[in-house]
Colleague: 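Below you will find the structure I want to go over with you.
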Protein chains: 2
Amino acid sequence: MTLEDFLISYVSFSQEELNDILENFTKIEVAKNHLLIKEGQVCKNIYFIEEGMGRSYYLKKDGKEVTQWFFGEGVFMSSADSFFKQSPSYYYLEALDDSVLYSISYGKIETLLAKYHKMETFVRLLSIDMLAKVASKLNAIQFQTARERYDYMNSEFPDISYRVPLGHIASYLGMTQETLSRIRHQA
Amino acid sequence: MTLEDFLISYVSFSQEELNDILENFTKIEVAKNHLLIKEGQVCKNIYFIEEGMGRSYYLKKDGKEVTQWFFGEGVFMSSADSFFKQSPSYYYLEALDDSVLYSISYGKIETLLAKYHKMETFVRLLSIDMLAKVASKLNAIQFQTARERYDYMNSEFPDISYRVPLGHIASYLGMTQETLSRIRHQA
DNA sequence: GCTTTCATTTGACCTATGTCAAAAAGTGAT
DNA sequence: ATCACTTTTTGACATAGGTCAAATGAAAGC
């Protein structure tokens, strides 16, 4: 899905508006394992993934990585809270593959939000969608067995689950790598 | 906190705008245990809690209630996804005390969103805030012990935790009532 | 094709928390 | 005050999933 299609799927922008909006994005290519933002930094850009994939993660006190979210093709990747409030991020943002991204800065988004009422609507709808997804993951994590969580993951991110290291998925699902490995082999 | 103060704290509405916006809300009083919405219904209104408190919950297949969120004084209570997308709600919404609420319908919100660019901004910021809170709960639930989750709850909802039945809190925290009871008594 | 390094699997054991059941403590109505 | 009902506490026991450690497998450089 292209960025243009993505925008249209939420709000009926005119072609003129779309052109103006799209001009504010910069196409960038990043290599696998590139860190787009680190913990503690303010997230200055938000990225639309045209090709590739990414994840957000944080470090526990013991230093272990915990994957917080996966981002597939055709979605926006960000530390949403950090970006929209321009506050320090709790998360790292990492490319999990060589990726093609469309980046836009906070300043430019602000300008677009001020200029186009529809842009506000777009971001609002996007936020509500993310909220629903995070809430749904929370419900899955909270009261399901390791096995059920794994199945949930496969339905939510069917393309991602077999493309990234086991440990990333395990921490995303709130279980150890060993447990996930055992579940997979008794599938 | 009044609704007016709440609105101003997010966006600098003019007094005129505020008056217009506030006119669209209806003050209602509901008794303890009143259900504002049931699972499967489309959430037609969103409620600002001036006095009282509420929660959202859902039923597991085995019929047990799981508290999904608590709403204290001075916040909006809703099944956000259901309200903003006018889709069936996964959750019940219940008053946990006799409460004074300011209610607004989806139709009226839509009108205000279309009329005031600032209103879109307000809802966007509100959504991002909720997103951050849900994400933070998710992190707490996912990798903390029962004891740590209880402490997290006390910092997040200090006023609520001792005002509602134990079972509501336990399910909110993803543990059994018995476990929560034991934790409390070894505090 | 080896060697080194990193990722996954397997095994043995342990612990936090769940389950089930009963007792105790609150709460409200008559 | 007493009875009926609900909520909380306590106890005994079970188990999913964690921890630690070693073995296997896969990938990358030489």
Side-chain angles (χ1 to χ4, degrees), chain A residues 31-35 53 55 57 59-67 70 94-98 137-154 157 160-187, chain B residues 31-35 53 55 57 59-67 70 94-98 137-154 157 160-187:
Chain A
K32 183 169 176 172
N33 298 325
H34 178 74
L35 285 181
M53 55 198 301
R55 66 162 181 151
Y57 69 92
L59 299 179
K60 286 200 290 183
K61 307 108 239 155
D62 63 8
K64 281 188 191 150
E65 293 181 1
V66 175
T67 298
F70 289 113
E94 179 188 39
L96 290 171
D97 246 334
D98 295 346
K137 179 186 169 187
L138 181 55
N139 294 340
I141 292 286
Q142 198 164 10
F143 280 100
Q144 298 190 240
T145 63
R147 160 102 245 162
E148 289 168 327
R149 278 178 270 161
Y150 178 62
D151 294 340
Y152 156 80
M153 160 96 200
N154 278 326
F157 297 107
I160 289 183
S161 65
Y162 60 91
R163 287 209 271 158
V164 304
L166 192 75
H168 291 1
I169 298 174
S171 71
Y172 174 83
L173 292 175
M175 66 184 73
T176 62
Q177 193 169 321
E178 293 93 327
T179 297
L180 181 53
S181 174
R182 282 184 246 264
I183 285 169
R184 273 193 171 166
H185 283 255
Q186 76 191 32
Chain B
K32 183 171 177 172
N33 299 325
H34 177 74
L35 285 182
M53 54 199 301
R55 65 163 181 151
Y57 69 92
L59 300 180
K60 285 200 289 184
K61 306 108 239 155
D62 64 7
K64 281 186 189 153
E65 293 181 2
V66 175
T67 298
F70 289 113
E94 179 188 40
L96 290 170
D97 245 335
D98 295 346
K137 178 187 169 188
L138 180 55
N139 295 340
I141 292 286
Q142 198 165 9
F143 281 100
Q144 296 190 237
T145 63
R147 161 103 244 163
E148 289 169 327
R149 278 177 272 160
Y150 179 62
D151 294 340
Y152 156 81
M153 160 97 199
N154 278 325
F157 297 107
I160 289 183
S161 64
Y162 61 91
R163 286 211 269 159
V164 304
L166 193 74
H168 290 2
I169 297 174
S171 70
Y172 173 81
L173 291 175
M175 67 184 72
T176 61
Q177 192 169 321
E178 292 94 328
T179 297
L180 181 55
S181 173
R182 282 185 246 262
I183 284 170
R184 273 192 170 168
H185 283 254
Q186 76 192 32

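The model shown is predicted, which means the values in this text are computed figures rather than measured ones.
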Colleague: Which nucleotide in the set C:dT8, D:dT9, C:dT17 lies at the smallest distance from any side-chain heavy atom of B:R149?
Modeller: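 Per side-chain heavy atoms of B:R149, the pick is C:dT17.
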
Colleague: Does B:T176 place a side-chain N or O at less than 4.0 Å from the phosphate oxygens OP1/OP2 of C:dG18?
Modeller: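 Yes, B:T176 has a side-chain N/O under 4.0 Å of OP1/OP2 on C:dG18.
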
Colleague: For a quick check, tell me whether the side chain of A:R182 and the base of D:dT19 share a donor-acceptor pair closer than 3.5 Å.
Modeller: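 Such a pair exists between side chain and base.
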
Colleague: B:T179 side chain: which of C:dG18, D:dT9, C:dT8 is closest?
Modeller: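 Looking only at heavy atoms from C-beta outward on B:T179, the closest nucleotide is C:dG18.
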
Colleague: From the set D:dT8, D:dG17, C:dT17, return the single nucleotide nearest to any side-chain atom of B:Q177.
Modeller: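 In terms of side-chain proximity for B:Q177, the closest of D:dT8, D:dG17, C:dT17 is D:dT8.
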
Colleague: Tell me: CD of A:Q142 to C1' of C:dG18, nearest whole Å?
Modeller: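 Atom CD in A:Q142 sits about 15 Å away from atom C1' in C:dG18.
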
Colleague: Do A:L166 and A:R184 come close enough that some side-chain heavy atom pair is under 4.5 Å?
Modeller: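 Yes - at least one pair of side-chain heavy atoms lies under 4.5 Å apart.
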
Colleague: Which listed nucleotide (D:dT19, D:dG17, C:dT19) is nearest to the side chain of A:E178?
Modeller: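 The closest nucleotide is D:dT19.
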
Colleague: State whether A:Y57 and A:R55 meet the cation-pi test: NZ (Lys) or CZ (Arg) under 6.0 Å from the six-membered ring centroid, and within 45° of the perpendicular axis.
Modeller: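 Here A:R55 passes the 6.0 Å and 45° test against A:Y57.
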
Colleague: Using only side-chain N and O atoms of A:S181, determine if any of them is under 4.0 Å from OP1 or OP2 of C:dT8.
Modeller: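 Checking C:dT8 against A:S181, no side-chain N or O comes under 4.0 Å of OP1 or OP2.
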
Colleague: Does the structure place the NZ or CZ of B:K137 under 6.0 Å from the centre of the six-membered ring of B:Y172, at an angle of no more than 45° from the ring's axis?
Modeller: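 Output yes; distance and angle both within limits.
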
Colleague: Quick one: A:L173 CG to D:dG18 P, roughly how many Å, whole number?
Modeller: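 Answer to the nearest Å: 11 Å.
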
Colleague: May I have the distance from B:K32 (atom NZ) to D:dT6 (atom C1'), rounded to whole angstrom?
Modeller: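 My rounded result for the distance is 12 Å.
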
Colleague: Could you state the CZ-C1' distance from B:R147 to C:dT15, rounded to the nearest angstrom?
Modeller: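 Going from B:R147 (CZ) to C:dT15 (C1'), I get 17 Å.
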
Colleague: Expressed in angstrom and rounded to an integer, what is the separation of A:I183 atom CD1 from D:dG17 atom P?
Modeller: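 Spelled out: CD1 on A:I183 to P on D:dG17 is 7 Å.
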
Colleague: I want to check something: taking the side chain as every heavy atom from C-beta on, are B:E65 and B:H168 in contact at a cut-off of under 4.5 Å?
Modeller: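 B:E65 vs B:H168: side chains touch.
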
Colleague: Please state how far atom NZ in B:K64 lies from atom P in C:dG18, giving the value in whole angstrom units.
Modeller: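 Checked: the NZ to P distance equals 10 Å.
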
Colleague: Over how many whole Å does the gap from A:F143 atom CZ to D:dA16 atom C1' extend?
Modeller: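 The distance from CZ of A:F143 to C1' of D:dA16 comes to 15 Å, rounded to the nearest Å.
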
Colleague: With heavy-atom distances below 4.5 Å as the criterion, would you say the side chains of B:I141 and A:L138 are in contact?
Modeller: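 Yes, their side chains come closer than 4.5 Å.
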
Colleague: Rounded to whole angstrom units, what separation is found between the CG atom of B:L166 and the P atom of C:dA24?
Modeller: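 For the pair B:L166 CG and C:dA24 P, the rounded distance is 19 Å.
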
